[in-house]
K.L.:
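Structure provided below as structure tokens; questions to follow.
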There are 2 protein chains.
Amino acid sequence: MPPTSEILTAERILEATEEVLRRHGPAKATVVDVARALGVSHGSVYRHFRTKAALREAVTKRWLDRTSERLAGIVTAEDRDPEQRLRDWLAALFAAKRHKAGDDPELFATYTVLVEELGGVVREHIADLTGQLTRIVAAGTETGAFRVTDPAAAARAVFQATGRFHDPCYAREWTAAGVDEEFTAVVDLLVRGLRG
Amino acid sequence: MPPTSEILTAERILEATEEVLRRHGPAKATVVDVARALGVSHGSVYRHFRTKAALREAVTKRWLDRTSERLAGIVTAEDRDPEQRLRDWLAALFAAKRHKAGDDPELFATYTVLVEELGGVVREHIADLTGQLTRIVAAGTETGAFRVTDPAAAARAVFQATGRFHDPCYAREWTAAGVDEEFTAVVDLLVRGLRG
DNA sequence: CGAATGACAGATTTCAATATCTGTCATTCC
DNA sequence: GGAATGACAGATATTGAAATCTGTCATTCG
């Protein structure tokens, strides 16, 4: 019944790590804490993750991937035209980030710190997201809804132009009044630009 | 001849403050340091600025205003059409920020920290900048170059959508390869959107 | 035999004492 | 008399010794 009796897997370590991060924050969360939470020695944790940095990286990647997976469904939603899919996707990204930031601010702040120290993981995540966006823009180009010469470049521009609504450095402004109108204004402007 | 012989003015205190900030950084710069640099007692500094926070605010406002003033000239450049003026203005804003960040990274980092703790000053500065943008967008609406219903809202959207190229939180990416192409891609997309 | 342990060295963090700073104001100086 | 000073109380920052953590590895355990 105690977790001690179960087999120690990487996944269980990641779960415990997230819990420790939520409790202690990024600065004070230690590998020893994680081991304590699992009822094992810290040496056992090092069997699954070579360094503390690797553990932090893995748990952050896991967290970012949860968002990517949610959005992936919108890319292939054939029941909506590309323009609507683009709007849905951007709105879903904004909503996902805003909920993460609003529901558990401690954990969000924690991951924001982690994300800053993990350049590679973030670049990969952003490449993943702009890849999804590219597929939507390309679909719109094919149907004639959008008129762009380079869907990938356009997707990158759209992603960067909406940074205010998904980049953690703006998180504190996501609760301000009127932010939804601002979001709509930016997205409308971008969609008009894509239509050419 | 020594600065001690000159009259102690708010401006001289602000100059000394900027120098102290450049040398010591935002965390270690003290009012005593400023007074020492001027060869006066720290009590004299408090005659001109009620608190340390007020001094930091004044020096930051001065720094931000230097950028606003440079850009104001572009708003009224009658020899260029509104679309070109918009492109010029955004490029000038990006160039100004990028140079500030590149030429004196220490001081830029310092002011970035100050800006973060001074919500009011920044809001005012942003209102100033979006006000300038609004005048350009409104001019374009009058000539028919742009088709927007609310120039102020459109200006705000353009400002927010270009955040990646003027918000200090992205400063570290302004030296990356390809950032100029990214800037052009975003501005092109926005201009197309304004043309409707 | 492979998984887990815990003692260990060196690096990092904590904590409490010590020093410095902020902001005030009675006094000095010109 | 108005500007400047410097002593002062309370708040904040620095410092270095002690505690904790990271990462390794010889040993134990099942």
Side-chain angles (χ1 to χ4, degrees), chain A residues 1-61 106 109-110 113-114 116-118 121, chain B residues 1-61 106 109-110 113-114 116-118 121:
Chain A
M1 191 214 174
T4 320
S5 66
E6 309 209 358
I7 295 166
L8 187 62
T9 62
E11 179 58 24
R12 279 191 63 224
I13 293 174
L14 289 177
E15 270 165 31
T17 303
E18 185 161 296
E19 183 55 26
V20 168
L21 281 169
R22 190 198 315 277
R23 268 207 175 68
H24 296 18
K28 300 215 286 177
T30 71
V31 175
V32 172
D33 289 331
V34 173
R36 252 201 295 274
L38 289 163
V40 300
S41 75
H42 74 279
S44 300
V45 174
Y46 278 97
R47 173 163 302 281
H48 295 267
F49 297 94
R50 256 200 350 285
T51 64
K52 184 187 184 182
L55 176 58
R56 285 159 89 96
E57 184 172 316
V59 79
T60 304
K61 191 162 161 35
E106 309 280 310
T110 291
V113 171
L114 288 181
E116 256 156 48
E117 68 189 36
L118 269 48
V121 174
Chain B
M1 191 206 178
T4 321
S5 66
E6 308 209 358
I7 295 167
L8 187 61
T9 62
E11 179 59 24
R12 279 192 62 225
I13 293 175
L14 289 177
E15 270 165 32
T17 304
E18 185 162 296
E19 184 53 28
V20 168
L21 281 170
R22 191 199 314 276
R23 268 207 176 66
H24 296 19
K28 300 214 286 177
T30 72
V31 176
V32 171
D33 288 331
V34 174
R36 251 201 296 272
L38 288 163
V40 300
S41 73
H42 73 280
S44 302
V45 174
Y46 278 97
R47 173 163 300 282
H48 292 85
F49 297 95
R50 256 203 347 289
T51 64
K52 182 187 185 182
L55 176 58
R56 285 159 89 95
E57 184 172 317
V59 78
T60 304
K61 191 163 161 30
E106 310 280 309
T110 291
V113 170
L114 288 180
E116 257 157 45
E117 69 190 35
L118 268 47
V121 174

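Only this structure's heavy atoms are used, side chains among them; waters, hydrogens and symmetry mates stay out. Just so it is clear: chains get the letters A, B, ... in the order the sequence lines come, proteins before strands, and each one is counted from 1.
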K.L.:
From D/dG6, D/dC21, C/dA3, pick the nucleotide closest to the side chain of A/Arg47?
P.N.:
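Nucleotide nearest to A/Arg47's side chain: C/dA3.
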K.L.:
Consider the side chain of B/Tyr46, meaning its heavy atoms from C-beta on, and name the nucleotide among C/dT24, C/dC21, C/dA7 that approaches it most closely.
P.N.:
C/dT24
K.L.:
side-chain contact (heavy atoms from CB on, under 4.5 Å) with B/Phe49: which of B/Val59, B/Leu14, B/Val31?
P.N.:
B/Leu14
K.L.:
Among the nucleotides C/dT22, C/dT5, D/dT22, which one has an atom lying closest to any side-chain atom of B/Thr30?
P.N.:
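Among C/dT22, C/dT5, D/dT22, the one nearest the side chain of B/Thr30 is C/dT22.
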K.L.:
Would you say A/Arg12's side chain and A/Ile7's backbone share a donor-acceptor pair under 3.5 angstrom?
P.N.:
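Yes, because the side chain of A/Arg12 sits within donor-acceptor range (under 3.5 Å) of the backbone of A/Ile7.
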K.L.:
How many whole angstroms separate atom CG of B/Asp33 from atom P of C/dA19?
P.N.:
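So the CG-P distance, B/Asp33 to C/dA19, works out to 19 Å.
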K.L.:
What is the distance, rounded to the nearest whole Å, between atom CZ of B/Arg12 and atom P of D/dA3?
P.N.:
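Going from CZ in B/Arg12 over to P in D/dA3 covers 16 Å.
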K.L.:
Ignoring hydrogens and geometry beyond distance, is the side chain of B/His42 in donor-acceptor contact with the base of C/dG23 at under 3.5 Å?
P.N.:
yes
K.L.:
Which of these nucleotides, D/dG23, C/dT22, D/dA4, is closest to any side-chain atom of A/Lys52?
P.N.:
D/dG23
K.L.:
Run the salt-bridge test on B/Glu57 and B/Lys61 with the 4.0 Å N-O cut-off and return the result as yes or no.
P.N.:
no
K.L.:
What is the distance, rounded to the nearest whole Å, between atom CZ of B/Phe49 and atom P of C/dT22?
P.N.:
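It works out to 15 Å between those atoms.
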K.L.:
In whole Å, I'd like the distance from the CD1 atom of B/Ile7 to the P atom of C/dC30.
P.N.:
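That distance rounds to 16 Å.
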K.L.:
Would you say D/dT5 has OP1 or OP2 under 4.0 Å from some side-chain N or O of B/Ser44?
P.N.:
yes
K.L.:
Is it true that A/Arg56 and A/Glu117 make a salt bridge, defined as a side-chain N closer than 4.0 Å to a carboxylate O?
P.N.:
yes
K.L.:
Can you check the B/His24 NE2 to D/dT14 P distance for me, whole Å?
P.N.:
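The distance from NE2 of B/His24 to P of D/dT14 comes to 11 Å, rounded to the nearest Å.
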K.L.:
Give me the one residue out of B/Val32, B/Leu55, B/Thr17 that meets side-chain contact (heavy atoms from CB on, under 4.5 Å) with B/Val45.
P.N.:
B/Leu55
K.L.:
Across the strands shown, which category fits A/Val31 at heavy-atom distances under 4.0 angstrom: base, sugar-phosphate, nothing?
P.N.:
sugar-phosphate
K.L.:
Starting at CZ of B/Arg56 and ending at C1' of C/dT22, how long is that distance when rounded to a whole Å?
P.N.:
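In whole Å, C/dT22 C1' lies 12 Å from B/Arg56 CZ.
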K.L.:
Return whichever of B/Lys28 or B/Leu8 has its heavy-atom-nearest nucleotide of DNA chain D closer to the 5' end.
P.N.:
B/Leu8
K.L.:
With DNA chain C as reference, determine whether A/Ala27 or A/Ser41 sits nearer its 5' end, using the nearest nucleotide of each.
P.N.:
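The residue whose closest nucleotide sits nearer the 5' end is A/Ser41.
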K.L.:
On DNA chain C, nearest-nucleotide positions of A/Gly43 versus B/Arg36: which is more 5'?
P.N.:
A/Gly43
